[in-house]
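Please read the structure below before turning to the comments.
For the numbers below, each heavy atom of this structure counts, side chains included, while hydrogens, waters and symmetry mates do not. Ligands are counted one by one from 1 in listed order, and the atoms in each one are counted from 1 as well.
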Amino acid sequence: MTRIAVLISGHGSNLQAILDAAAGGALPGVEVALVVANRREALGIDRAIRAGVPVVYFPLAPYRQAGRPRTDYDSDLAGILQAFAIQWAVLAGWMHLLSEAFFARFGRQVLNLHPALPGQFPGTGAIARAYAAAQRGEIDRTGVMVHRVPDAGVDAGPVVLQEEVPIRAGETLASLEARIHAVEHRLLVEALRRVL
Ligand code: GRF
């Protein structure tokens, strides 16, 4: 079995898609062996507990309070994954930029999900920024990508899978968000199937 860790910071709907796929036999040979959350209020923590998957709550704040650099946090995070014999890390709504200290210790078997097309709207708020650009008439589509994370770049790296999502005239941001999340849930599982 390939042991994966899913790193989350929020709602966890993509984590749920992975858990459901694994439970339903759609990810043969893959075990969700760990969930790491860097925010206590992450609803994804409850999803992991319900699925019986070990959860580690690992906030950055204590490092900051102790005056320790992010690189210590990142290196220790890699250590946690190694302690669980994790082979792949999947960033599914993980709102923390990993530094080279993480990759140097854990390796580069890391996948990230981003709700935009390659090279477009890197960073946070990508869906809302794409929606605003469409309102300005600059674009008529956005998308979703799953990519390898070889280094400390922001939402950049060799693309495993991507899919365009047209932005419909007159639709609300909430409608676009819902359609993008639906594509994410399917694309992330498919990307895991292909890579793992
Ligand atoms: C997803 O849109 C992901 O692409 C982005 O953050 C969101 C997390 O959603 N980075 P969820 O927590 O999996 O529901």
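- Under 4.0 Å is where a charged nitrogen must lie from a carboxylate oxygen, and between Glu163 and Arg141 no such pair does.
- Using a 4.0 Å cut-off between a side-chain N of Lys or Arg and a carboxylate O of Asp or Glu, Asp76 and Arg68 qualify as a salt bridge.
- Judged purely by distance below 3.5 Å, without hydrogens or angles, the side chains of Asn14 and His181 never pair a donor atom with an acceptor atom.
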I'd like a table of the close N/O pairs between ligand 1 and the protein (anything under 3.5 Å), one pair per line with both atom names and the distance.
residue: ligand 1; atom: 2 (O); partner: Glu184; partner atom: OE1; Å: 3.0
residue: ligand 1; atom: 2 (O); partner: Glu184; partner atom: OE2; Å: 2.9
residue: ligand 1; atom: 4 (O); partner: Glu184; partner atom: OE2; Å: 2.4
residue: ligand 1; atom: 12 (O); partner: His11; partner atom: N; Å: 3.3
residue: ligand 1; atom: 12 (O); partner: Gly12; partner atom: N; Å: 2.8
residue: ligand 1; atom: 13 (O); partner: Ser13; partner atom: N; Å: 3.3
residue: ligand 1; atom: 13 (O); partner: Asn14; partner atom: N; Å: 2.9
residue: ligand 1; atom: 13 (O); partner: Asn14; partner atom: ND2; Å: 2.8
residue: ligand 1; atom: 14 (O); partner: Ser13; partner atom: N; Å: 2.9
residue: ligand 1; atom: 14 (O); partner: Ser13; partner atom: OG; Å: 2.5

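- Atom-to-atom distance recorded for Glu184:CD and Leu113:CG is 4.0 Å, nearest 0.5 angstrom.
- The cluster map of Ile, Leu, Val, Met, Phe, Trp and Tyr, joined by side-chain heavy atoms under 4.5 Å apart, puts Met145 and Leu161 in different clusters.
- Of the charged side-chain nitrogens involved, at least one lies within less than 4.0 Å of a carboxylate oxygen, so that Glu190 and Arg194 count as a salt-bridged pair.
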